[in-house]
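Let me begin by presenting the structure, written as structure tokens, before commenting on it.
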Amino acid sequence: MKAELQELLRAALARAKDSGAFPVEELPEIRIEEPRETGYGDLATNIALVTAKAARRSPRELAEALVAAIDDPDGIIEKVEVAGPGFINFTFSNAAWQRRLAAILAEGENYGSPDLGKGRRVQVEFVSANPTGPLHIGHGRGAAVGDALARVLEAAGYDVKREYYVNDAGVQINTLGRSVRARYLQLAGVDTPFPDDGYPGDYVTESARGIFERDGRKWVDVDVDEAVVALGRIVADEQLAGIRTDLHAFGVSFDGFSSERALCEAGAVEHALERLRERGCVYDADGAVWFRSSDFGDDKDRPLIKSDGQLTYFAADIAYHLKKLEAGFDTIIDVWGADHHGYVPRVRSSIQALGHDPARFAVLLVQMVNLTRDGEPVRMGKRTGTFITLKEVVDEVGADLARFFFLMRKSDAHLDFDLELARRQSAENPVFYVQYAYTRIAGIFRQATEKGIVEPSADAAAVTALQTEEEISLIRMLDSFPDVVEAAADTLEPHRIVFYVQKLAGEFHRFYARHRCVTEDAELTAARLLLVRAVQMVIGRGLGLVGVNAPERM
RNA sequence: GCGCCCGUAGCUCAGCUGGAUAGAGCACCAGACUACGAAUCUGGGGGCCGCAAGUUCGAAUCUUGCCGGGCGCACCA
């Protein structure tokens, strides 16, 4: 509808300019928005307010001139008013809305797929938790946000790849190896102290038991360093497999898992360092090798190679991001926990230093989840080894509810998640509110089928019976879906979909309480069936974009 | 000390990239099923949009400074 109005206004503006009623040098961009108050019509523009200064006319005068120049041969506009300081408010005719519904139905499952991306390639990297233990609830939020973002970008016409970066090299795997070895030796009856910095979780002991049962005392006499490396790898692989299982149960899958170890072994780090050296962004000091990140907006320079000859994690990360860019992605998006925010300028500066446009790199920060049970905070900590895993949450409240909750906030806002409340309220929560709307529509069609009513085919003539405020409101709601998808993709804010879908469901429940779809009036029945079919389709699409199921029955 | 994020109804949060009388859910109060599922609907009370300046036709939204909360500031990962 916006597009149609835009066309009318563009033509009107040109005519008004030619006749001298709209004295501006250049035709301004026409911005159309939905007014907050329904009393202000369906759509409004502030064009007269914006151009008043340049045109040296009062906004209202300009608005009147523009309105007078509008030519509306198809009868789209029912009413147009100049209001307040100079807004122009448009109310569309029911006939126009009916045509709009027919068009939406004609688009079918493609509806709400604005071609914003035009096939451009985007990589979304998310979760990327170290394979040193199970995913916890914070990773769950990252998974929900990253996956929903990927789905939204796909809907908006981008060619999206989902990627998980596996930190399977370096200190943390060594720590894991030492932890498992200690537990293993303890099981084998060898008195061994558990490392101070070891991972205390029960899963470490379980892994050790598994190895002991499988391999017996095989590792007892193996050289310490060798055993630590080997056991670390075994358990890391095991953990990664568990992570993939948990993610699968959560409805999240990846196109690729990129291994840090493989990256290093392939010489990618040397390649990246070489590129940085060529560009003069590297220097030696205090026995270490440094990157001049402060030349590119970072607080200070960062070490790439430590004085003991070890590569830093950052060096591997530079190599990894370089590899992504060289792989031909137009945009790379990282979804990180907000506690890593200090890392953003560093990585961005490395991208710039390597001669790539830093605008191709975006980071979506996901804030912490404040987990409670009956209002009491649930302590989370690697050190204490107590944390709630994603699997536990999914088992307790279900994947749909968890995903929906994770996406009910802007990702950069803290999220309170009360397990007990989520479980208890599972009969009356926003997820079911939306799913119930979908289910109710399925029920309408079941009823229609029982009565032998065949679903009519869609065209504007078939829906002329839709006249009530609730019906037109629903169409208006449906009409804005593509804009919501576009905005969500543009701003990387998948939570907008969740809010939209709740609002649409609310609009539907209101309609449902007031009007019957299956009636004695065949024409009205046909029209309403088409309307709710469109509503069902859009709710289904919206839920699909955030990875939540749309059930026929609940 | 420096940096990033947040501060909107009793609680949890939206607010469409600067618009008109600031919204929703929960909670509380009062109503609605002999018809497509009441997991629903209708009505009601509730607000110095943290505080103070600035930018302009116009600010919850942009700028600056304070106040409060969270998170970061390693030759860690």
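Each chain gets a letter, A, B and so on, in the order its sequence line appears, and its residues count up from 1.
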Partners passing ring-ring contact (aromatic ring centres under 6.0 Å, His included) against H509(A) (at least two apart in sequence or in another chain): Y433(A), Y436(A)

Nucleotides 13-25 of chain B: protein proximity per nucleotide (B base, S sugar-phosphate only, - neither; heavy atom, under 4.0 Å): SSSBB-BBB-S--

All side chain to side chain contact (heavy atoms under 4.5 Å, CB included) counterparts of Q536(A), not counting sequence neighbours: Y438(A), I441(A), A442(A), F445(A), R533(A), E552(A)

Touch class at under 4.0 angstrom, heavy-atom based, for M368(A) against every strand present: nothing

Distance between P atoms of A22(B) and G45(B) (Å, rounded): 14 Å

Under the side chain to side chain donor-acceptor pair (under 3.5 Å) test, residues paired with N167(A) that sit two or more places apart: E260(A), Y313(A)

Atom C1', compared across U55(B) and G65(B): separation rounded to whole Å: 15 Å

Residues forming a side chain to side chain contact (heavy atoms under 4.5 Å, CB included) with A362(A), sequence neighbours excluded: I333(A), L492(A)

C1' spacing across the pair U34(B) / G44(B), given as an integer number of angstrom: 30 Å

All ring-ring contact (aromatic ring centres under 6.0 Å, His included) counterparts of H340(A), not counting sequence neighbours: none

Side-chain-base donor-acceptor pair under 3.5 Å for H340(A) and G72(B): no

Side chain to side chain contact (heavy atoms under 4.5 Å, CB included) involving A52(A) - partner list, sequence neighbours excluded: P59(A), L62(A)

Comparing D299(A) and V518(A) on RNA chain B - which has the more 5′ nearest nucleotide: V518(A)

Sugar-phosphate only, base, or nothing, as touched by F314(A) at under 4.0 Å among non-hydrogen atoms: nothing

For T175(A), all residues meeting side chain to side chain contact (heavy atoms under 4.5 Å, CB included), sequence neighbours excluded: V171(A), R178(A), S179(A), D197(A), Y199(A)

Closest-nucleotide 5' rank along RNA chain B - winner of R510(A) and G443(A): G443(A)

Gap in Å between the two P atoms, one belonging to C6(B) and one to G50(B), rounded: 12 Å

Residue pairs, two or more places apart or on separate chains, that pass side chain to side chain donor-acceptor pair (under 3.5 Å) and touch residues 283-296 of chain A: Y283(A)-D301(A), S293(A)-D298(A), S294(A)-D301(A)

Stems formed with participation of RNA chain B [Watson-Crick or G-U wobble, under 3.5 Å, three or more pairs]: B:1-7 with B:67-73, B:10-13 with B:23-26, B:28-32 with B:40-44, B:50-54 with B:62-66

Touch class at under 4.0 angstrom, heavy-atom based, for H341(A) against every strand present: base

Neighbours of RNA chain B within residues 281-297 of chain A, by heavy-atom distance under 4.0 Å: D286(A), A288(A), W290(A)

Write out a two-atom table: protein N or O, nucleotide N or O from nucleotides 30-34 of chain B, distance below 3.5 Å.
none

Touch class at under 4.0 angstrom, heavy-atom based, for K451(A) against every strand present: nothing

